[in-house]
Amino acid sequence: MSSSNRGVAYVKQGVVEVQSIPFPKLEDPRGKRIDHGVILKVVSTNICGSDQHMVRGRTTAPAGLILGHEITGEVLEVGRDVETLKRGDLVSVPFNVACGRCRTCKEQHTGVCLTVNPARAGGAYGYVDMGGWVGGQAEYVMVPYADFNLLKFPDSAQAMEKIRDLTCLSDILPTGYHGAVMAGVGPGSTVYVAGAGPVGLAAAASADLLGAAVVIVGDVNPARLVHAATSGFKTVDLSKDATLAEQIAQILGVPEVDCAIDAVGFEARGHGHEGAQHEAPATVLNSLMEVTREAGKIGIPGLYVTDDPGALDAAAKKGALSIRLGLGWAKSHSFFTGQTPVMKYNRALMQAILWDKIRIAEVVGVQVISLEEAPLGYAAFDAGAPKKFVMDPHGLLEKTA
């Protein structure tokens, strides 16, 4: 068994690098021995927009943090208390670290597990303020509470044939799907998705899977809008001076939708030729209230933080935004926020992938890179490339091309 390991470390604002890191042990972040965990050989691990918030210096992430919470891997070592997994199993790792024992886990709210993070509810791998669990943008990683957390693929050979799609099960696809479900998307729905990045495209694809009649995707990035249109979605260009409502009316005949999804989060830009040049963190939420019909629902998988050191004003630094809540109240909107409880959806979405009901890798533009290429992947993602960068630490994915 290998005793070496490498991982992608956050060095400082705008800088990540691949470093030698300790080989994982069956220990929690505080050094306590745990026998309910497994050590995985990482098959694939993705760059997430949430990682970019840290790398841009928009969180309180410490230097040296090993990044990565979207992990697919092969079981290498099994703790003595693990009963349903064995060496060689190929598994998807929900980005939520969850114990399966506390009240919220038992209620399927695994995004806010009460035991895995001493500082607050909810844990995640390789993320600031989420419990200190080492990230999986690495060759090897430890996963606790393995019987509860891990989704085993039923046939490893079949899974490797669809690994580019299945690697999206750890976060991006369930997150987009959660946004669509919480927005009330169903057969015949008209849907607007704010953001044509990977999560927005996953939300749009999920809306299609749920039977939406029309899915509209908005962004200010021309390349991302082209990719969204190529994927079969209607698009609106938010850098134009025509309002969002006006552009939606050109498509639907009315300036409103049944369901809306915020796949942008707190680093949103304003709308219009001038507004799109500047950050305006409440823009998306306020615009969604404007274009969502009365009694409609708004799903918010886009990230909002409690502390943003790079914010433009003192209120936004503490996560306080100028939201037109009165408008949402007057229109009787429902809002749903928070981290996605991945396990609520990942098994069903795995089946949808295996039976060709969704081709998520194609929709989000999966591009496989090596672990060594991580800094280039981060730079390209930050520049707005219409790609979902998937790292292949051991060269296993290329063998399935």
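The structure displayed is predicted, hence computed values, not measured ones.
The environment of CD in E362 is sparse: at most 12 heavy-atom neighbours from other residues, nucleotides or ligands sit within 6.0 Å. Within 6.0 Å of CZ in R30 there are more than 12 heavy atoms belonging to other residues, nucleotides or ligands. The number of heavy-atom neighbours closer than 6.0 Å to CZ of R347, taken from other residues, nucleotides and ligands shown, is 12 or below. Counting heavy-atom neighbours within 6.0 Å of K240 NZ, excluding the residue itself, gives a total of 12 or less.
You'll find the ring centres of F266 and H53 inside the 6.0 Å limit. A ring-centre distance under 6.0 Å is not found for H69 and Y125.
Side-chain contact check for T337 versus Y304: every heavy-atom pair is 4.5 Å or farther apart. Side-chain contact between L67 and V55 is present, with heavy atoms from C-beta onward closer than 4.5 Å. Side-chain contact between Q137 and I66 is absent, with no heavy atoms from C-beta onward closer than 4.5 Å. At least one side-chain heavy atom of T292 sits less than 4.5 Å from a side-chain heavy atom of H333. By the 4.5 Å heavy-atom criterion applied to side chains, V141 and P24 are not counted as neighbours. Using a 4.5 Å heavy-atom threshold, the side chains of E294 and E256 count as touching. Side-chain contact between M343 and N96: absent, with no pair of heavy atoms (C-beta onward) separated by less than 4.5 Å.
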| Passes salt bridge (charged side-chain N to carboxylate O under 4.0 Å, His left out), K162 versus D165? Steps please. | CA-CA 6 Å; K162 293 182 178 292; D165 297 277; 5.9 Å; no
Report task. Go through E70 and T167 one step at a time and tell me if the side chain to side chain contact (heavy atoms under 4.5 Å, CB included) criterion holds. Result -> CA-CA 8 Å; E70 300 191 38; T167 195; over 6 Å; no
message = E139 vs H394, test: side-chain hydrogen bond (donor to acceptor under 3.5 Å, both in side chains). Steps then yes/no.
response = CA-CA 7 Å; E139 293 178 310; H394 296 280; 4.7 Å; no
### Message
Let's go through I163 and T72 carefully: what are the C-alpha distance in whole Å and the side-chain angles of both, what is the deciding distance for side chain to side chain contact (heavy atoms under 4.5 Å, CB included) to 0.1 Å, and is it a yes or a no?
### Response
CA-CA 9 Å; I163 193 64; T72 304; 4.0 Å; yes
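Between P144 and V97, the closest heavy-atom pair is CG-CG1, 3.7 Å. When all heavy atoms are compared, the tightest approach of T45 to A138 is CG2-N, 4.4 Å. For R324 against E290, the heavy-atom pair with the smallest separation is NH1-OE2, 3.9 Å. Summarising the geometry of W133 relative to M130, their closest heavy-atom pair is CD1-O, 3.5 Å, with the distance given to 0.1 Å.
Here E74 does not pair with R87 in a salt bridge; the nearest charged N to carboxylate O distance is not below 4.0 Å. Look at K317 and D307 and you find no salt bridge, because none of the NZ, NE, NH1 or NH2 atoms lies under 4.0 Å from a carboxylate O.
H178 and Y345 have tilted rings, their planes meeting at an angle from 30° to 60° on a 0 to 90° scale.
Under the 3.5 Å distance criterion, the side-chain polar atoms of N46 are left unmatched by any main-chain donor or acceptor of C48.
We find the CG-OG distance between L238 and S287 to be 7.5 Å, quoted to the nearest 0.5 Å. Note that CD1 of I358 is 11.5 Å distant from CG of D356, once rounded to the nearest 0.5 Å.
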